[in-house]
Protein chains: 2
Amino acid sequence: MSKPTLKKIAERLNLSVGTVSKAIKDYPDISDKTKEKVKAVVEELSYKPNKFAQNLRNQESKIIGLIIPQIVHHFFSNIVLGVTEAAEKKGYLVIVLESTESYETEMKHLDLLIERHVDGLLLSLADNTIKYNHITEIIDQGVPIVLYDKISKSFDCHKVVIDDKKAAYNATKYLIDSGCKKIAHVRGPLKPQTTVDRFLGYKDALKDHHISFDKSIVFESEKISFDDGKEIAHRIKKNKNIDGVFAFTDLLASGILIGLVQEGVKIPEEISVMGFSNWRLTKMTSPSLSTVNQCGYEMGQKAFELLYEEIIAKKTNTKLKHKTIEIPTELVIRNSTKKPA
Amino acid sequence: MSKPTLKKIAERLNLSVGTVSKAIKDYPDISDKTKEKVKAVVEELSYKPNKFAQNLRNQESKIIGLIIPQIVHHFFSNIVLGVTEAAEKKGYLVIVLESTESYETEMKHLDLLIERHVDGLLLSLADNTIKYNHITEIIDQGVPIVLYDKISKSFDCHKVVIDDKKAAYNATKYLIDSGCKKIAHVRGPLKPQTTVDRFLGYKDALKDHHISFDKSIVFESEKISFDDGKEIAHRIKKNKNIDGVFAFTDLLASGILIGLVQEGVKIPEEISVMGFSNWRLTKMTSPSLSTVNQCGYEMGQKAFELLYEEIIAKKTNTKLKHKTIEIPTELVIRNSTKKPA
DNA sequence: CAGCTTTCCGAAAACGATTTCGGCGCTTTA
DNA sequence: TAAAGCGCCGAAATCGTTTTCGGAAAGCTG
């Protein structure tokens, strides 16, 4: 009738619960004969150990927490997928919580997860997180944690990142190689590391190819919206010399692209447009948008694998050297950029 | 030092664990004086009850399971968000698992969640799920479950759906009202209820407005891809009379839209295009795509609320009449459709 | 003051699984 | 034959909380 337990199996076989438990887990001090008997009953009743009891006894939940800035976002939902699948393979389930880019909810959700005794945490910092006490506290408590995507160098743990600078460098280089002489950059807000790194990659590429950096054709978008992109497109068009645009992210890039098209600019003949992130929509604009692919799925996988290392290290009481892994990016060339000669 | 427990508080105050527990939970048989003393210590040590022990004792996990066809999808990730936030308000956390539209993984993941003793389940059926034994078993076990989006009428439980038929009716009606005389429909595969319902809504709208149904301008897309849409656009263009298209989903609709534009068709002057779902990208095509908005967030919220009812009903041993809630949709009119006179 | 009700608290039994420790009975060895 | 060894199993503590039941002490009545 009700759920089978060790006790019931034990009573049925005239054994003690301890013996049954050990038989199931193949302890060497149980004879093969009783092991067989026990396993037969286990099979028959399709016994599954009670997770609540296991959790309490073993002091582990086999659950990890994943804090994500916004789930409604192609890149991030891919991360969720990568984490979940990697975790499942090792017998872990995942609780996902949004920080909505807010420091307060980040803290609140971190607390919620700690309260639930998650075995580990995966965290991407909210944009307005500038104090890290809540995180160092967690580390001090000994809870395994891995940072991904938006990280900080202020503390020591495993990290997984996109090499934004290198990716931006390559994107800009591609524009140069395809003949662009005056390449504008549309960047995001000042603070987040990602916007800074992409800007630096852009700058480095110019420098390495002897194109002088021109501050006046670096546009800053505060809101990073599609409409913002359109508005910036207008300003770009006014500057007759610009023949290439590298945008901080696809949302902006697509706004710029559509904006330019609507103003009658020929893409890519007159202006090449390059985005960043490989959002789903980039395939569907016309012309389709060249961009940089960030593999969220892979990032999620790697992040979990590192976390798993931490968890094991904690169990076995070993200290780990913390590393920072870079997930490679790749250019996805579509029709918004000219082909190199 | 280590985590505070009831025992430690009890020892410190020379009380028994039972008393401390009851003091914290404001049992009437504890004097106000001891309650105060206990609560002071609780505050001081910032005691949090151990969830593992609570779970075991109370036989509840305060976790619900959410099975979703594909998380990497605007509509579904909004559902995740709606569920998570509603659950959080009631003290529940959510474990999200993908079925990837496969019957086998749906079963596997359901099992995984049951094993973890989730307090309830939210499920959207995979497309190729045709047997329901695994679900009726769960219902028989007494696990609260609510079906959302892709449901089946084969068994009795709370359900939350979009009224696809009505929504499709309204979308088609809008095309008719704006002057379209020959409206094509691009539908998905035969089986899923959603594609059938949308098709029926389309048909009904034609009938109510005395437009004869023409089987030859109903196109079926097996893969439901952007490229499929483009290919169908080609076929639509060949049929000189078609002046309106209602597509099963935005992905197809955008493929059709872009396909038609590339073939030189003027949108919406020559052909109006209407999508379904209000994907993010619909704002960004040119022209932007008119569509039907499905509010995933709201659906997620409602689904959890119903599940919560079930959970409470189970606790209090009451039987519920099961209902099916319809989440309203709305037309989002952009530039791919003519304005009604 | 006997008998009664309150008021307040403690003991202890759950919830199930895990693991240590010890011990019984049998075999081996000197 | 006594000592030592080994194979096999059980008892019991433990994880931390919840809740029932009972009982001691205090207050109240007639």
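Below, chain A is the first sequence line, B the second, and so on; all start at residue 1.
Using a 4.0 Å heavy-atom cutoff across all strands shown, B:S21 reaches at least one base atom of the nucleic acid.
Not a single donor-acceptor pair, N or O on each side, falls under 3.5 Å between the base of D:dG16 and the side chain of B:K51. One cannot find a donor-acceptor pair under 3.5 Å joining the base of D:dC15 and the side-chain atoms of B:N50. Side-chain N/O atoms of B:R57 and base N/O atoms of D:dT17 include no donor-acceptor pair closer than 3.5 Å.
Residue B:K35 contributes atom NZ, which lies 13 Å from atom C1' of C:dC9 at whole-angstrom precision. Computed from coordinates, the B:Q59 CD to D:dT18 C1' distance equals 12 Å when rounded to whole Å. Between the NZ atom of B:K7 and the P atom of D:dT18 there is a distance of 16 Å, rounded to whole Å. Straight-line distance from the CD1 atom of A:I30 to the C1' atom of D:dG10: 10 Å, rounded to whole Å. If you measure from atom CG of A:L15 to atom P of C:dG16, you get 20 Å, rounded to the nearest angstrom.
B:I138 pairs with exactly one of B:D111, B:L121, B:L113 by the side chain to side chain contact (heavy atoms under 4.5 Å, CB included) rule, that one being B:L121.
Here the CG atom belonging to A:N50 is positioned 11.0 Å from the CD atom belonging to B:E115, to the nearest 0.5 angstrom.
Proximity of B:S16 to the phosphate of C:dC9: no side-chain N or O atom is located under 4.0 Å from OP1 or OP2.
Side-chain contact, B:D119 with B:S61: a donor N or O sits under 3.5 Å from an acceptor N or O.
Mapping B:Y27 and B:L56 onto DNA chain D by nearest heavy atom places B:L56 closer to the 5' end of the strand.
Side chain of A:H117 to main chain of A:Q59: no donor-acceptor pair is present (N/O by atom type, distance under 3.5 Å, no hydrogens or angles).
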